[in-house]
Enquirer: 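So that we are looking at the same thing, I have put the structure below in structure tokens.
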Amino acid sequence: MKKAFATLVGRACLRSGLLGFLDRRADTLSLARNGGTGPRLRWRKTVLTILVYHRVNDERDPFFPATPVDVFAGQMAYLASRFNVCRLDDALEGLRAGRLPGRALVITFDDGYRDNYLNAFPVLARLGLPATILLATGVIGSDRVLWHDRVFAAFRETRREALEGFVPDGGRLPLGTLAERLAAQREVLRHLWRVPDDRRTAEIDRLVERLGTADRTSIPGLMLSWDEVRVMHAGGIGFGAHTVSHPVLSMVPRARAVEEIRHSKETIECVLGAPVRAFAYPVGRRGDFTDETKQFLRETGYACALSTLPGVNGSEQDPFELRRLSPWDDDLARFGARLTLDRMFG
Ligand SMILES: [Zn+2]
């Protein structure tokens, strides 16, 4: 009911041109939190919205939801007509120098799934939209998968009725229905994000065994090849690093974090022959990176780092803690309305 009402209001705003008007105003006037004393109206010069996508396909896989291709195409056409979609480095330079164009927006993709090339790149190329893909380099150009894909495959394929005693204090997680399997997967992921990185592989081995499925450590064609990376780079897509093996950086020893940060950058630079200045934190919530992580990134020559902390970025935003918005909704009216509201109140 609430969703239907939001759709109705979103459509009415879209048709009346109200969203376009608010998008233009959001660059100069927004509600901001005033040092914890509550919201206040203030003038601000620039607002940069950064969107984060992962997968774009029509598989309708509930265990790793993707943006359907027609929804993605609709969202990109909407952005092309209403926003100044910028290259990430141009946007950051503009933000720093106070010369950001109005309604500035950056499109990013994390991890490096092959559907970015097959399904997203043609849409971006047709509309002439720049974007940046942040690569977990250890799986690019190989059949190997990221650790979370092993977990998704196990929950997708399991026929067990329950998972017992796997998550500390988790008791018995029922797996009888799709909803139960998705709830159990969320619980297990929360546990795995907190496990020290050197124990995570063993934990996932244990999970796969308990769920009684084949261990999908390799899935041909899931991730980008380096040739596809080169083709997209020649077609105007920017590339950044997202570590080598996708660990939560705050959970790995210092030397390993430095290696993940440095090696991923060097690998992409070697393939593309161009400097890599952008980084995205795996998982990317508060606590998944530290001040020390930011320091390593600066010392390694990065200019910015993207989190998954929700919000938009003003000129005062720490470039090593950039905020991003997930493209929330398959309905275009709600997508537009929420984009506008986040720009005004984010
Ligand atoms: Zn990621």
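As the structure lists them, so they are numbered: ligands from 1, and atoms in each ligand from 1. Keep in mind that this is a model prediction, so the values were computed, not measured.
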Enquirer: Do the two ring centres, one from Tyr53 and one from Phe72, sit under 6.0 Å apart?
Expert: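 Ring centres of Phe72 and Tyr53 closer than 6.0 Å.
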Enquirer: Which angle, to the nearest 10 degrees, do you find at the Zn ion (ligand 1) between NE2 in His242 and OD1 in Asp111?
Expert: 90°
Enquirer: Ring centroid separation for Phe155 and Phe63, is it under 6.0 angstrom?
Expert: no
Enquirer: Within less than 2.8 Å of the Zn ion (ligand 1), any N, O or S from His148?
Expert: no
Enquirer: Can you say whether the rings of Phe83 and Tyr78 are parallel (under 30°), tilted (30 to 60°) or perpendicular (over 60°)?
Expert: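 Taking Tyr78 first and then Phe83, their aromatic rings sit tilted (interplane angle of 30° to 60°).
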Enquirer: Distance under 6.0 Å and angle within 45° of the ring axis: does Lys265 meet both against Phe279?
Expert: no
Enquirer: Looking only at N, O or S atoms, which one in His246 sits nearest to the Zn ion (ligand 1)?
Expert: NE2
